[in-house]
Amino acid sequence: MGEVVALVDCNNFYVSCERVFDPSLWGVPVVVLSNNDGNVIARSNEAKQLGIEMGTPWFKCAPLVARHGIRVFSSNYALYGDMSRRVMETLAGCVPAMEVYSIDEAFLYLTGMEHFGLEEYGRFIRTRVGGWTGMPVSVGIGPSKTLAKLANRIAKKNPECGGVFNITGHPRVDDILDGIAVENIWGVGSRYARMLHEHGVHSALDLSRAPDAWVRKKMTVMGLRTAWELRGHPCMEMEEAPPPKKAIVSSRSFGRPVEGLDELMEAAAAYTTRAAEKLRRQNSLVCGLTVFLTTNRFKPEPQYSNAATFSLPEPTGYTPHLIRLAHAGLRRIYRTGYRYKKVGIMLFDIVEQGEGQLDLFGGGVDPRRQALMETVDRLNGRFGKSTVSFAAEGRGSSWHMRREHLSPRYTTSWLELPLVR
DNA sequence: TCTGGGGTCCTAGGACCC
DNA sequence: TCTGGGGTCCTAGGACCC
């Protein structure tokens with residue numbers, strides 16, 4: 001008896017989050033925009049039908065809004081993150097083991113649960129998540145992650161499936177794979193898709209039947225794994241506990257062009273603070289930091305981008321230290337006369353606390369600094385983000401991203417709870 | 001006319017994901 | 001006026017070492 005996994009995917013996740021708290025959004029076209037109200041990153045089915053593509057710059061499809069009464073939202077990650085947590089907790093109560101794959105998807109381990117009836121169990125999961133959180137989900141079941149993904153797609157595309165599709169042991173599995181174009185396979189992006197079509201490999205069935213050596217040569221071992229998974233031979237492990245991040249990036253586009261070094265410094269300090277918080281949350285320290293800045297590449301004006309990288313003599317998680325480095329780097333690469341669009345910082349060479357050079361010297365982290373960071377993290381965790389912040393981040397700056405269509409933080413702010421009349 | 005073999009580490013670039 | 005953000009993995013090739 002082989003492995004069985006389910007891929008549970010929230011339908012139009014960000015849109016559904018908005019709908020949970022505003023029922024007037026049901027049945028009408030809704031879109032959610034990326035940070036800075038830049039691009040469309042989520043669409044309701046009604047919005048998809050109007051031809052709004054994923055990733056379209058918002059200003060290009062804004063005219064459709066008036067014509068079709070599209071409801072539009074800036075992304076509200078406080079809300080989406082919290083809804084995600086609720087969905088994942090509900091799923092965790094349904095199965096012995098799972099892997100949270102992204103903010104809106106999880107792989108569930110169903111091996112050994114066949115006696116419940118897999119489709120039946122999928123329907124149970126859907127009903128429970130819908131009932132407990134209000135989130136509509138689709139469930140795809142298969143003998144490998146890739147096939148579970150593929151089954152999920154079928155569940156979503158075919159209303160008669162009722163949101164659940166199981167491809168495990170399906171009598172017409174070849175027909176099903178033949179109906180899936182290579183570009184819709186998990187792990188096959190646009191580049192590989194073009195290459196495959198050029199070589200006459202058009203469907204998932206074609207790829208599953210291609211010779212191993214050829215697939216490996218053209219698509220590395222990653223492609224080979226995908227091909228095997230399509231044959232129902234699992235090659236990808238379940239990861240129940242997410243491994244610690246090897247790099248942490250924090251960057252944002254500005255709401256308007258920024259020219260002065262002072263404002264860039266504030267932004268860099270704010271992003272460094274956020275990255276350092278993430279670093280400490282996974283109990284890590286860092287040995288490398290890069291700060292970068294760039295102008296708006298879409299504008300016909302002088303362009304400049306650059307980066308400065310530092311290696312630290314010993315690992316740290318101390319925010320003020322990292323801010324000093326980011327500032328030193330920024331001073332080094334900053335040039336006057338440009339309209340900057342974005343700065344960001346990246347932490348790399350991340351080690352777990354107690355690993356690496358610390359042991360070598362037996363000393364390392366200053367306990368008073370560590371206690372200070374722990375206190376700051378605890379206060380911000382308990383009373384909300386930026387309850388305590390660093391002076392270098394500035395206050396009420398005007399460079400923050402645009403979020404002109406923001407919904408309330410219904411679930412994470414006492415002041416913005418939904419009202420029942 | 002001749003010009004080793006093998007190993008490791010690092011980096012840049014390319015591909016993918018949501 | 002207006003074009004996101006944050007990750008992972010693999011490979012080839014160069015540097016360097018013995």
Side-chain angles (χ1 to χ4, degrees), chain A residues 7-10 12-14 31-42 53-63 65 72-77 80-81 84 99-107 145-146 149 152-153 182-196 215-226 229 235-237 239 242-257 267 271 274-275 278-279 282 288 290 292 294-301 307 309 311 339 341-350 400-405:
Chain A
L7 188 268
V8 179
D9 188 325
C10 301
N12 311 326
F13 179 60
Y14 296 167
V31 300
V32 176
L33 306 179
S34 65
N35 280 332
N36 229 17
D37 294 344
N39 302 67
V40 173
I41 53 167
E53 295 294 321
M54 190 76 165
T56 314
W58 171 236
F59 71 89
K60 284 189 180 170
C61 51
V65 178
V72 54
F73 292 87
S74 303
S75 42
N76 183 346
Y77 284 101
Y80 309 153
S84 174
E99 171 187 339
V100 177
Y101 178 66
S102 74
I103 192 166
D104 70 334
E105 283 170 75
F107 288 105
K145 284 181 168 182
T146 304
K149 270 269 195 186
N152 188 284
R153 180 186 173 85
V182 284
E183 54 268 34
N184 296 320
I185 301 167
W186 187 47
V188 178
S190 59
R191 298 297 182 88
Y192 282 156
R194 198 187 322 147
M195 181 278 295
L196 289 169
V215 174
R216 192 183 193 294
K217 192 172 119 219
K218 292 288 188 181
M219 302 171 72
T220 81
V221 297
M222 307 288 279
L224 190 56
R225 274 180 215 150
T226 297
E229 289 234 328
C235 302
M236 303 185 190
E237 297 284 313
E239 283 177 358
K245 301 215 181 312
K246 299 174 177 176
I248 295 172
V249 178
S250 179
S251 73
R252 290 281 180 285
S253 294
F254 299 127
R256 58 165 175 77
Y271 304 154
R274 301 193 47 233
K278 279 196 205 171
L279 179 76
Q282 66 171 27
T290 291
F292 57 91
T294 180
T295 49
N296 188 343
R297 68 184 199 279
F298 294 104
K299 292 235 176 172
E301 57 186 36
T309 295
S311 286
R339 291 152 55 83
K341 179 62 176 172
K342 182 196 271 194
V343 305
I345 76 117
M346 176 163 62
L347 306 180
F348 59 95
D349 281 353
I350 289 172
H400 288 123
M401 62 184 176
R402 265 191 314 277
R403 296 211 285 180
E404 289 171 4
H405 310 281

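Throughout, protein chains are lettered first and strands after them, A, B, ... in sequence-line order, and every chain is numbered starting at 1.
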With a non-hydrogen cut-off below 4.0 angstrom, is [X] in contact with a base, only sugar-phosphate, or nothing?
{"X": "A/Arg256", "answer": "nothing"}
{"X": "A/Arg402", "answer": "sugar-phosphate"}
{"X": "A/Lys299", "answer": "sugar-phosphate"}
{"X": "A/Ile185", "answer": "sugar-phosphate"}
{"X": "A/Asp37", "answer": "nothing"}
{"X": "A/Ala247", "answer": "sugar-phosphate"}
{"X": "A/Ser190", "answer": "sugar-phosphate"}
{"X": "A/Ile103", "answer": "nothing"}
{"X": "A/Lys149", "answer": "sugar-phosphate"}

Base-pair string, DNA chain B, Watson-Crick plus G-U, cut-off 3.5 Å on both distances, | for inter-strand, is ....||||||||||||||
With distance as the sole test, does [X] use its side chain to make a donor-acceptor pair with the main-chain N or O of [Y] at under 3.5 Å?
{"X": "A/Ser75", "Y": "A/Leu33", "result": "yes"}
{"X": "A/Asn36", "Y": "A/Phe254", "result": "yes"}
{"X": "A/Ser84", "Y": "A/Ile103", "result": "yes"}
{"X": "A/Asn35", "Y": "A/Met401", "result": "no"}
{"X": "A/Glu404", "Y": "A/Asp37", "result": "no"}

Using the C1' atom as the point on both nucleotides, what is the distance between B/dC17 and C/dG4, in whole Å?
15 Å
Chain A vs DNA chain B, heavy-atom contacts under 4.0 Å, first-to-last nucleotide span, 5' to 3', is B/dA15 to B/dC18
Using atom types as modelled, flag every donor-acceptor pair under 3.5 Å from a side chain in residues 183-194 of chain A to any protein atom, sequence neighbours excluded.
residue, atom, partner, partner atom, Å
A/Glu183, OE1, A/His197, NE2, 2.8
A/Trp186, NE1, A/Tyr101, OH, 3.4

Check your understanding: Which is it for A/Glu105 and A/Lys149 under the side-chain contact (heavy atoms from CB on, under 4.5 Å) test, yes or no, and what are the steps along the way?
Key -> CA-CA 10 Å; A/Glu105 283 170 75; A/Lys149 270 269 195 186; 2.5 Å; yes
Taking for A/Pro57 and for A/Ser250 the nucleotide of DNA chain C with the nearest heavy atom, the one nearer the 5' end belongs to A/Pro57
Comparing A/Asn35 with A/Glu239, nearest DNA chain C nucleotide closer to 5' gives the residue A/Asn35
Show your working on side-chain contact (heavy atoms from CB on, under 4.5 Å) between A/Val249 and A/Ile345 and close with a plain yes or no.
-> CA-CA 6 Å; A/Val249 178; A/Ile345 76 117; over 6 Å; no
key: Check: A/Leu196 and A/Lys218 side chains under 4.5 Å, non-hydrogen atoms   = no
